[in-house]
Amino acid sequence: MTWSIVARDERTGEIGIAVASRFFACGAAVPYVGANAAVATQAFVNPLWGVEGLARLKAGEAAQAVLEDFRARDGGQALRQSHMMDSHGAFAAHTGDDCTPWCGHLIRSDHSVAGNMLAGPEVIEETSRTFAETQGPLANRLLAAMQAGEAAGGDKRGRQAAGLTIHRGQDYAHLSLRVDDHDDPLAELARLLEVAGERYLMVAETFPTADNFSGTTDRRHIDAAIAAAEDQRRAEGRPSASRATSTEA
């Protein structure tokens with residue numbers, strides 16, 4: 001099951017993973033992202049490839065060396081698929097011989113894409129091409145890439161779940177969105193990303209960091225940014241994408 005993209009924004013240093021599958025809660029099972037590295041484990045998921053792999057990559061080990069060690073140690077490696085980026089920005093990928101076709105992966109300078117049970121190689125090719133050609137924030141580029149892969153055929157069994165995770169140099173996620181059970185999970189993920197842009201992302205800009213334990217505690221510029229976004233949305237005639245209940249009494 002599944003295809004995913006692991007990427008680094010060379011301009012901002014952000015790291016992210018996006019994933020989609022005809023498999024429940026793939027956004028919980030596949031991505032492992034940290035301050036300076038990332039691992040996607042899929043097909044016949046082995047969470048330890050994610051947990052141990054991310055810890056070793058963050059500590060400075062090379063992605064290719066970690067992947068070779070996992071292949072040597074894991075008796076189920078032929079069923080596994082994984083791709084990862086180390087703290088040096090190098091990518092490595094593994095597609096086991098017993099992964100369900102179509103299966104495969106590709107690696108570029110700033111991203112890797114891997115998938116199995118796909119309609120064909122065009123799924124990962126279009127995912128990669130669209131990521132490379134899309135401008136803007138990393139989250140938007142990843143989502144556009146996955147939507148292109150879906151348009152090229154996606155998971156040949158259908159659709160169910162998707163996830164998107166972005167880290168900005170911290171061990172916690174700057175943005176983490178999941179759609180666990182939906183007939184059009186990437187469209188729902190796009191809606192959630194739009195909702196995030198109405199308020200959440202403004203607050204996330206103020207989160208504490210390893211270098212600034214307190215973060216930003218003055219709400220005034222947060223409120224101003226939220227108000228400006230709301231004014232622009234109204235000027236463009238766009239209603240809120242949120243389905244939350246009203247905060248008015």
Side-chain angles (χ1 to χ4, degrees), residues 1-10 14-21 23 26-58 61-74 76-118 120-132 138 141-143 145-146 148-149 152 154-155 161-167:
M1 58 95 181
T2 309
W3 88 101
S4 62
I5 177 169
V6 177
R8 179 179 184 273
D9 188 315
E10 296 182 336
E14 289 180 322
I15 298 170
I17 294 180
V19 58
S21 179
F23 183 82
C26 63
V30 171
Y32 291 79
V33 188
N36 61 1
V39 179
T41 172
Q42 55 198 49
F44 209 70
V45 170
N46 183 337
L48 297 182
W49 284 45
V51 174
E52 180 182 330
L54 184 58
R56 291 171 61 177
L57 296 174
K58 286 167 56 179
E61 288 193 55
Q64 190 63 44
V66 171
L67 205 52
E68 289 175 0
D69 177 56
F70 286 171
R71 282 197 293 250
R73 290 165 52 199
D74 189 346
Q77 63 85 19
L79 297 168
R80 317 281 188 210
Q81 186 175 57
S82 179
H83 53 134
M84 57 185 68
M85 187 198 80
D86 61 33
S87 62
H88 311 288
F91 291 83
H94 163 76
T95 299
D97 291 341
D98 292 338
C99 284
T100 304
W102 189 89
C103 58
H105 59 260
L106 58 80
I107 294 175
R108 300 292 184 259
S109 63
D110 62 349
H111 69 276
S112 58
V113 186
N116 58 92
M117 289 192 181
L118 301 183
E122 60 274 12
V123 177
I124 65 169
E125 292 166 359
E126 281 300 296
T127 301
S128 174
R129 182 191 64 79
T130 300
F131 178 79
L138 181 59
R141 296 176 66 197
L142 290 172
L143 180 57
M146 294 299 293
D155 187 324
L164 173 66
T165 302
I166 305 289
H167 281 237

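Residue W102 is tested with V123, I124, N116 for a side chain to side chain contact (heavy atoms under 4.5 Å, CB included); the sole match is I124. For the side-chain hydrogen bond (donor to acceptor under 3.5 Å, both in side chains) with T95, the lone residue among Q42, Q81, R80 that qualifies is Q81.
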_Let's go through V45 and T2 carefully: what are the C-alpha distance in whole Å and the side-chain angles of both, what is the deciding distance for side chain to side chain contact (heavy atoms under 4.5 Å, CB included) to 0.1 Å, and is it a yes or a no?_
CA-CA 10 Å; V45 170; T2 309; over 6 Å; no
_Residue pair M146, W3: steps toward the side chain to side chain contact (heavy atoms under 4.5 Å, CB included) verdict_ = CA-CA 9 Å; M146 294 299 293; W3 88 101; 3.4 Å; yes
*Evaluate side chain to side chain contact (heavy atoms under 4.5 Å, CB included) for M84 paired with Y32, printing each intermediate quantity in order.*
CA-CA 9 Å; M84 57 185 68; Y32 291 79; over 6 Å; no
*Please report the C-alpha distance between S87 and L57 in whole Å, then the side-chain angles of each, then the deciding distance to 0.1 Å, and finally whether the side chain to side chain contact (heavy atoms under 4.5 Å, CB included) criterion is met.*
CA-CA 6 Å; S87 62; L57 296 174; 5.9 Å; no
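The pair E14-R141 does not meet the salt-bridge criterion, since no charged nitrogen lies less than 4.0 angstrom from a carboxylate oxygen. Using a 4.0 Å cut-off between charged nitrogen and carboxylate oxygen, E125 and R129 do not count as a salt-bridge pair.
Atoms OG1 and CG, on T127 and L106 in that order, are 8.5 Å from each other to the nearest 0.5 Å. Distance check: H94 NE2 to C99 SG gives 6.5 Å after rounding to the nearest 0.5 Å. How far OG1 of T130 is from CG of L143: 11.0 Å, rounded to the nearest 0.5 Å. To the nearest 0.5 Å, atom CG of residue N36 and atom CG of residue L54 are 8.0 Å apart. In this structure, CZ in F70 is found 13.0 Å from CD in Q77, a value given to the nearest 0.5 Å.
Closest heavy-atom contact between A114 and H83: CB-CD2, 3.6 Å.
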